[in-house]
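One structure is given below, encoded as structure tokens.
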Amino acid sequence: MRAFLNTVKLDPLRLFFSPRLLNRRKTNFVSLPSFSYPSKTLNQIQTPGVFYCKEMTTVSSEAAARAVIEVKDKIELNEVEKQIFDRLVNTLRHFNLNTELRVAGGWVRDKLLGKECYDIDIAIDNMLGSEFVDKVREYLLSTGEEAHGVGVIPRNPDQSKHLETARMRLLDLWIDFVNLRSEDYSENSRIPTMTFGTAKEDAYRRDLTINRYFNFDIGKSRTLSTPVQELLLSANLGAFQFLLLASLFYNINTSSVEDLTGRGIEDLKSGKIVTPLPPKDTFLDDPLRVLRAIRFGARFGFVLEEELKEAAACDDVKNALKAKISKERIGTEIDLMISGNQPVKAMTYIADLTLFWVVFNLHPKVDPTVSEEYNNVLIPFRLCVAYLDAAWNLIHLIGGSAFTGEQRRLCLYAALFLPLRNTIYKDEKGKKVPVVNYIFRDSLKQKASDPETVIKIHRSLEKFLTLIPLLTSNDDTQPAEVDMGMELFDVPITSKLRVATGFLLREVKEFWRVGLLISTMLYPSDTDSTQDFLEKKFELDRRKDLFKAAEDAIVNLGLERVWDLKPLVNGKDIMTVLQLKSGGPVVKEWQQKLSAWQFAHPAGTVEECLDWMKETHLKRAKME
């Protein structure tokens with residue numbers, strides 16, 4: 001089962017950096033730390049700014065897969081940035097302030113990568129952002145220039161916003177100002193007491209070394225001097241932005257990029273996730289850091305150090321995670337993992353560190369009781385991760401463009417919770433509720449539409465499993481019956497498949513491809529594939545072909561967006577034909593019948609539909 005820790009299957013992936021990087025006169029190529037992917041290796045490509053992930057055999061976390069990244073060797077301020085920084089420095093001089101101004105790392109990173117950045121965040125060492133903004137406004141007024149958009153976003157610790165942020169608009173750019181800070185945590189809260197801090201204290205409060213340690217000074221010439229500097233500044237890989245935004249300071253006063261500690265480069269070069277202080281102390285101060293460490297480790301293919309893993313899996317930290325961290329914050333971290341580039345690796349870490357049921361907390365009275373063993377293998381959380389792995393691979397094998405971002409996200413959740421689809425609990429009124437609903441609403445505090453959609457997908461699977469052999473059959477003859485758990489009223493035999501499929505797609509709407517994909521992992525339904533999935537025997541090519549054949553059949557039936565089909569006959573028309581004074585179950589029954597007729601007669605008209613309804617109603621009346 002250790003393979004779960006280090007392997008994730010991906011289709012060929014290509015990441016492009018800014019086109020501005022492709023035509024630089026001087027180019028420095030550096031290597032990122034190891035990224036480990038199963039069955040894939042990273043091949044160096046001699047095209048500037050591009051690397052590929054190619055399929056291959058499983059590699060261990062120690063294997064180094066290198067990528068070539070182009071980094072500009074000099075920061076060049078554009079005219080607007082020069083004018084903005086001049087105004088800020090002139091404010092210091094005007095009021096004779098002994099204040100240092102530092103720009104956060106995202107701007108520095110983008111500038112060194114040859115990209116323009118319009119998000120400038122400035123940290124101040126000895127006053128609040130609002131106080132400095134007042135000084136800037138006063139200075140501008142003294143020069144005859146008006147300040148625009150001045151405002152303050154207050155602290156909101158309950159929402160994990162621990163700092164007041166001041167904003168103002170300079171030369172049509174929004175600039176944020178915050179103070180450097182140090183933190184002190186109480187025993188029962190992850191909300192720290194904030195005080196003014198030095199730049200070094202601000203660096204040391206970070207949760208992971210790679211989130212704060214950067215050891216280089218580009219000097220007044222703003223020229224990078226070592227490959228290590230370039231390595232750290234080359235992190236143009238999406239979520240790497242967070243690492244640098246939290247860590248890298250550009251000192252406006254001295255035109256230098258600062259790091260006031262010394263260990264982060266070593267950890268970043270070796271691809272390790274390490275805490276600056278003993279990991280158990282770090283996690284007990286703020287247990288959310290456990291999930292952040294997992295997310296970063298998965299995202300960048302870094303290795304969690306052994307001491308960190310031991311701390312993350314210990315009972316004290318688990319209990320602190322339950323007691324001190326809000327469900328909303330846990331849900332946010334999990335959603336970032338599921339929506340990220342390595343959801344399988346993230347969930348594998350969570351399973352490996354025995355955090356699965358801490359994060360995805362179940363109702364205490366689930367039925368059936370969740371089993372932990374299957375042929376001496378821990379399930380269902382191992383099986384949950386296995387289904388997630390298979391779904392992730394299928395999405396990429398089929399082609400990511402077949403799914404929107406939201407469809408992909410909920411597809412992965414539906415796969416992750418697939419082993420729990422028949423597990424329920426009883427609410428206070430004794431009503432049976434799917435445990436997936438509890439996980440989303442209570443354990444993760446996700447939006448209400450998420451469990452509704454995932455549960456719909458799960459409920460659609462049995463119907464998809466019934467339809468798949470019919471949709472993919474090469475035989476033109478249609479079966480006499482299609483068992484869909486509903487009566488298909490007076491439907492011609494040749495139309496039963498279209499009608500049944502239409503009703504199913506109308507239930508799940510734009511998530512029908514998700515339901516189809518998940519159902520292929522259970523097909524054929526009379527075979528128990530649990531052990532195969534646990535052993536990562538996914539048969540992806542067979543399942544992809546099955547998906548494509550069923551998808552093509554649905555499209556050929558003209559049902560791709562059947563839920564948008566407007567009914568030919570509305571409720572008022574039904575009441576008129578039946579001579580009813582009010583609606584009710586009878587009207588609902590006829591709406592179902594008329595939908596079936598419309599699915600069976602896609603070219604039918606309103607008049608034909610009404611004639612059929614009247615005729616059918618008269619036959620029924622005579623029989624009664």
Side-chain angles (χ1 to χ4, degrees), residues 17-28 30 48-49 69-95 97 99-125 129 132-133 135-137 139-140 143 145-149 165-178 180 199 214-226 229-236 240-241 243-259:
F17 297 145
S18 169
R20 296 185 180 91
L21 296 178
L22 301 181
N23 296 306
R24 297 296 177 186
R25 286 178 295 176
K26 184 175 180 180
T27 298
N28 295 311
V30 296
I69 295 184
E70 181 184 16
V71 179
K72 201 181 165 193
D73 66 348
K74 185 178 180 181
I75 291 178
E76 297 176 359
L77 299 180
N78 62 38
E79 286 303 314
V80 172
E81 291 162 344
K82 288 178 182 177
Q83 293 179 45
I84 289 174
F85 290 175
D86 285 346
R87 281 162 171 74
L88 299 182
V89 171
N90 287 338
T91 298
L92 300 179
R93 293 170 180 162
H94 181 79
F95 292 100
L97 297 175
T99 299
E100 286 193 288
L101 305 177
R102 293 174 170 88
V103 187
W107 176 86
V108 181
R109 177 211 60 216
D110 284 351
K111 295 296 291 184
L112 289 171
L113 289 171
K115 297 176 62 176
E116 291 302 319
C117 181
Y118 306 102
D119 183 14
I120 300 178
D121 301 313
I122 296 179
I124 308 165
D125 67 340
F132 184 71
V133 164
K135 297 291 186 184
V136 176
R137 177 170 54 184
Y139 165 73
L140 293 177
T143 65
E145 183 178 345
E146 186 177 353
H148 298 281
T165 303
R167 303 193 80 193
M168 71 184 309
R169 197 169 181 83
L170 291 175
L171 303 180
D172 290 330
L173 283 184
W174 283 106
I175 315 295
D176 286 357
F177 298 84
V178 297
L180 295 172
F214 294 87
N215 187 23
F216 48 86
D217 185 344
I218 60 176
K220 292 184 179 180
S221 67
R222 305 189 186 102
T223 300
L224 295 175
S225 58
T226 69
Q229 296 170 357
E230 297 160 357
L231 166 65
L232 295 174
L233 294 168
S234 66
N236 187 28
F240 248 134
Q241 175 178 357
L243 304 182
L244 293 174
L245 280 174
S247 315
L248 187 59
F249 294 126
Y250 177 84
N251 191 314
I252 295 176
N253 302 53
T254 63
S255 300
S256 65
V257 180
E258 300 175 328
D259 166 40

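Here the structure is a predicted model, which means the values were calculated and not measured.
Counting heavy atoms from C-beta on, the side chains of Arg87 and Asn90 never come closer than 4.5 Å. The shortest side-chain heavy-atom distance between Phe85 and Leu101 does not fall under the 4.5 Å cut-off. The shortest distance between side-chain heavy atoms of Asp125 and Arg102 falls below 4.5 Å.
Taking CD1 of Ile120 as the reference point, atom OH of Tyr118 lies at 10.5 Å (rounded to 0.5 Å). Separating the CD atom in Glu116 from the CG atom in Asn78 is a distance of 5.0 Å, to the nearest 0.5 Å. To the nearest 0.5 Å, atoms OG1 (Thr91) and NZ (Lys135) are separated by 10.0 Å. Atom CG of Leu97 is separated from atom CG of Leu88 by 11.5 Å, given to the nearest 0.5 angstrom. For the atom pair CD1 (Ile122) and OG1 (Thr165), the distance works out to 12.5 Å, reported to the nearest 0.5 Å.
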Could you tabulate the donor-acceptor pairs under 3.5 Å formed by side-chain atoms of residues 169-177, not counting sequence neighbours?
| residue | atom | partner | partner atom | Å |
| --- | --- | --- | --- | --- |
| Arg169 | NH2 | Asp172 | O | 3.1 |
| Asp176 | OD1 | Arg167 | NE | 2.6 |

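Nearest heavy atom pair, residue Cys117 against residue Glu81, reads O-OE2, 3.9 Å. Taking both residues in full, the closest heavy atoms of Gly129 and Ile124 are given as CA-CD1, 3.9 Å, listed atom of the first, atom of the second, then distance.
When the side-chain hydrogen bond (donor to acceptor under 3.5 Å, both in side chains) test is applied to Gln83, no partner is found at least two apart in sequence or on another chain. In this structure His94 satisfies the ring pair (Phe, Tyr, Trp, His ring centres under 6.0 Å) test together with Tyr139, sequence neighbours excluded.
In this structure a side-chain-to-backbone donor-acceptor pair under 3.5 Å is present from Asn253 to Thr99.
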